[in-house]
There are 2 protein chains.
Amino acid sequence: MRILLVEDEQGVANFIKKGLEEERYTVDLVTDGQAGLEHGLTGQYDLLILDLMLPKKSGFEVAKGLRDTGIQTPILMLTAKISVQDKVKGLDVGADDYLTKPFSFEEFLARVRALLRRKQTEMIKLEVGDLEVNTLSHRVFLDGKELVLRPKEYAILEYLVRAKDCVVSRTQILENVWGYDFDPTTNVVDVHIKSIRKKLEELTPKEYISTVRGVGYMVTTTPK
Amino acid sequence: MRILLVEDEQGVANFIKKGLEEERYTVDLVTDGQAGLEHGLTGQYDLLILDLMLPKKSGFEVAKGLRDTGIQTPILMLTAKISVQDKVKGLDVGADDYLTKPFSFEEFLARVRALLRRKQTEMIKLEVGDLEVNTLSHRVFLDGKELVLRPKEYAILEYLVRAKDCVVSRTQILENVWGYDFDPTTNVVDVHIKSIRKKLEELTPKEYISTVRGVGYMVTTTPK
DNA sequence: ACCGAAGATGAAAAGAATTTCATTCTCGCC
DNA sequence: GGCGAGAATGAAATTCTTTTCATCTTCGGT
């Protein structure tokens, strides 16, 4: 289990890092919010532990930055005594739990364990406008009506919806849906996109998949 | 959003119930642990709020009873000041969060919102011995090696794994995997079971799927 | 030990999904 | 306005998945 600890007080940081490592967790430590945000975005962590008062970016800003980009990693915030309003704010920007300094290391570990129990979870319903992609059942609904898609169609749509509002290229789609074993001259993606669009049109006049010429496709609710 | 509140102090219970209802949550209230466990097992709740000190069963026992039966509903525990050891115990038996009385209703609501954000999650990896079924990607691994299954094979195996250690009949499998549109005389399930078994055998001598004659099939790690 | 029901099996048939490819259409640049 | 690249399209070909079915094997009851 990999944990990112963002804490600028060296004594506290070392105490926590050492204690977690004695429990067999792998711990990366950074000392300011900017680095914390960058590591949180790019690293594959199972848990983030953030101090609130940090140089460069506060724990609030780190949490918000992560949640805004769809990062679901659990976040445990460490704070000195602060106002209820600030605690509420922290939970609302995306922290999962709070611990107020000073705290018992036993309780700290128990909270870490509770948060890590939820590591293996993910949003199961992706939504774009009235389109709902259920990533467990691999079924898609539009305004409550099922959009019956073949496996490849589903995989392409899910990929596009996960990258909502971002253009993805055919190559990215091929790599993600087919893996690396594909013919680079193929127009098979275009064929499937056509098929998905046709099925969408049967249920709504609204356009969900846009073409960005020379780049690729994207799912959006705000048409060009 | 439906919330189950288990609290025996009438004043506290009414205060919380009313406050949550003003925030448009639907709240069921019960006053002892036994009823809390029963409601938690059978009701479809988005969140459980448990007092610790309850008649008949403690909040610990309720939480443990729910987690032991696979209930994943988030649990917020309310306590008077208790020892760190008891807090640790509560988190370890399955509570997701604690709030210590007396508490600010604003903070309480923020914690409720934080827990409810995780409502739409579920275990994505089902595991039986060395078999791991990823319900998001619909891929199956055995000792780290992928077991490549066709869609129908995957659906049958997932169904059996979800009902681990329980016998399920061919009719149940047909209803769950095919829906209600099937020929009752078909042996298509047997054919697919054979195929799944064959693929499993290629990776391990261990038997995962047992036949219960005249009843059906089950997945287990403890062979008959 | 025998028998019949239940389960397993192999292979062909049928159905579904995906890919290929030739052609047409569209769009942005000059 | 013309042109060429990029995208879209329809339909056939190919591949893959599922079902069917006849036959064999197994198991539990008598």
Side-chain angles (χ1 to χ4, degrees), chain A residues 138-140 146-160 167-202 207-220 223-224, chain B residues 138-140 146-160 167-202 207-220 223-224:
Chain A
H138 289 200
R139 295 171 78 187
V140 178
E146 185 168 10
L147 192 72
V148 179
L149 299 179
R150 302 296 130 204
K152 275 291 176 25
E153 291 166 346
Y154 170 83
I156 292 171
L157 185 62
E158 185 196 316
Y159 185 66
L160 290 174
V167 184
V168 292
S169 68
R170 286 172 185 76
T171 300
Q172 285 175 287
I173 297 172
L174 285 162
E175 283 168 1
N176 184 265
V177 175
W178 277 261
Y180 286 84
D181 182 23
F182 60 87
D183 173 1
T185 66
T186 188
N187 73 330
V188 71
V189 172
D190 303 274
V191 175
H192 284 299
I193 292 287
K194 160 69 178 180
S195 175
I196 296 166
R197 277 172 165 156
K198 188 173 180 184
K199 290 178 176 180
L200 284 165
E201 277 159 26
E202 284 166 13
E207 195 175 296
Y208 281 89
I209 302 178
S210 294
T211 304
V212 179
R213 194 178 174 90
V215 185
Y217 297 100
M218 78 180 178
V219 151
T220 179
K224 295 187 301 181
Chain B
H138 289 201
R139 295 170 80 187
V140 178
E146 184 167 11
L147 193 72
V148 179
L149 299 179
R150 304 297 133 204
K152 277 287 176 27
E153 291 167 344
Y154 171 82
I156 292 171
L157 186 61
E158 186 196 315
Y159 185 66
L160 290 174
V167 184
V168 293
S169 68
R170 286 172 184 78
T171 301
Q172 285 175 287
I173 296 172
L174 285 161
E175 284 169 2
N176 183 264
V177 176
W178 278 262
Y180 286 83
D181 182 24
F182 59 87
D183 173 0
T185 67
T186 185
N187 76 329
V188 71
V189 172
D190 303 274
V191 176
H192 284 299
I193 292 289
K194 161 70 177 181
S195 175
I196 296 166
R197 277 172 166 156
K198 189 173 179 185
K199 290 179 176 179
L200 283 165
E201 277 159 26
E202 285 166 11
E207 194 176 298
Y208 282 89
I209 302 178
S210 296
T211 303
V212 180
R213 195 177 175 92
V215 185
Y217 297 99
M218 78 179 179
V219 151
T220 178
K224 297 185 304 181

Carefully, step by step, assess B/N176 and B/V168 under the rule side-chain contact (heavy atoms from CB on, under 4.5 Å). CA-CA 11 Å; B/N176 183 264; B/V168 293; over 6 Å; no
Partner set under side chain to side chain donor-acceptor pair (under 3.5 Å) for A/Y217, not counting sequence neighbours: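 Applying side chain to side chain donor-acceptor pair (under 3.5 Å) to A/Y217 gives A/R170, A/D190.
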Is there any salt bridge (charged side-chain N to carboxylate O under 4.0 Å, His left out) pair reaching into residues 191-201 of chain B, and which pairs are they, with sequence neighbours excluded?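 As it turns out, the salt bridge (charged side-chain N to carboxylate O under 4.0 Å, His left out) pairs with a partner in residues 191-201 of chain B, which skip direct neighbours, are B/E153-B/K199.
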Just how far, in rounded Å, is [atom2] of [N] from [atom1] of [X]?
X: B/K199; N: D/dT18; atom1: NZ; atom2: C1'; value: 12 Å
X: B/K194; N: C/dG10; atom1: NZ; atom2: C1'; value: 9 Å
X: B/L200; N: C/dA8; atom1: CG; atom2: C1'; value: 16 Å
X: B/R197; N: C/dG7; atom1: CZ; atom2: P; value: 11 Å
X: B/I196; N: C/dT9; atom1: CD1; atom2: P; value: 13 Å
X: A/I193; N: D/dG6; atom1: CD1; atom2: C1'; value: 15 Å
X: B/D190; N: C/dA5; atom1: CG; atom2: C1'; value: 13 Å
X: B/R170; N: D/dT19; atom1: CZ; atom2: P; value: 15 Å

Measuring from A/M218:CE to A/L160:CG, what's the distance to the nearest 0.5 Å?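 Here the interatomic distance stands at 10.5 Å.
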CD1 on A/I173 to CG on A/L157, rounded to 0.5 Å: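 Here the interatomic distance stands at 10.5 Å.
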Could you go over nucleotides 24-26 of chain D and give all protein N or O partners under 3.5 Å, atom names and distances?
none

Residues from residues 151-159 of chain A lying under 4.0 Å of DNA chain C - heavy atoms: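 Per residue number, the list reads A/P151, A/K152.
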When you measure from the side-chain N and O atoms of B/W178 to the phosphate of D/dT19, is any distance below 4.0 Å, counting only OP1 and OP2?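 For D/dT19, OP1/OP2 do have a side-chain N/O of B/W178 under 4.0 Å.
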A/Y217 side chain near D/dG6 phosphate (N/O to OP1/OP2, under 4.0 Å):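 Checking D/dG6 against A/Y217, no side-chain N or O comes under 4.0 Å of OP1 or OP2.
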Take nucleotides 20-25 of chain C nucleotide by nucleotide from the 5' end and write B, S or -, depending on whether a protein heavy atom sits under 4.0 Å from the base, only from the sugar-phosphate, or from neither. BBB---
Of all the heavy-atom pairs spanning A/R139 and A/Y154, show the shortest one and how long it is.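 Closest heavy-atom pair between A/R139 and A/Y154: N-CE1, 4.1 Å.
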Using the test ring-ring contact (aromatic ring centres under 6.0 Å, His included), find all partners of A/Y159 that sit at least two apart in sequence or belong to another chain.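 ring-ring contact (aromatic ring centres under 6.0 Å, His included) check on A/Y159 returns nothing, list empty.
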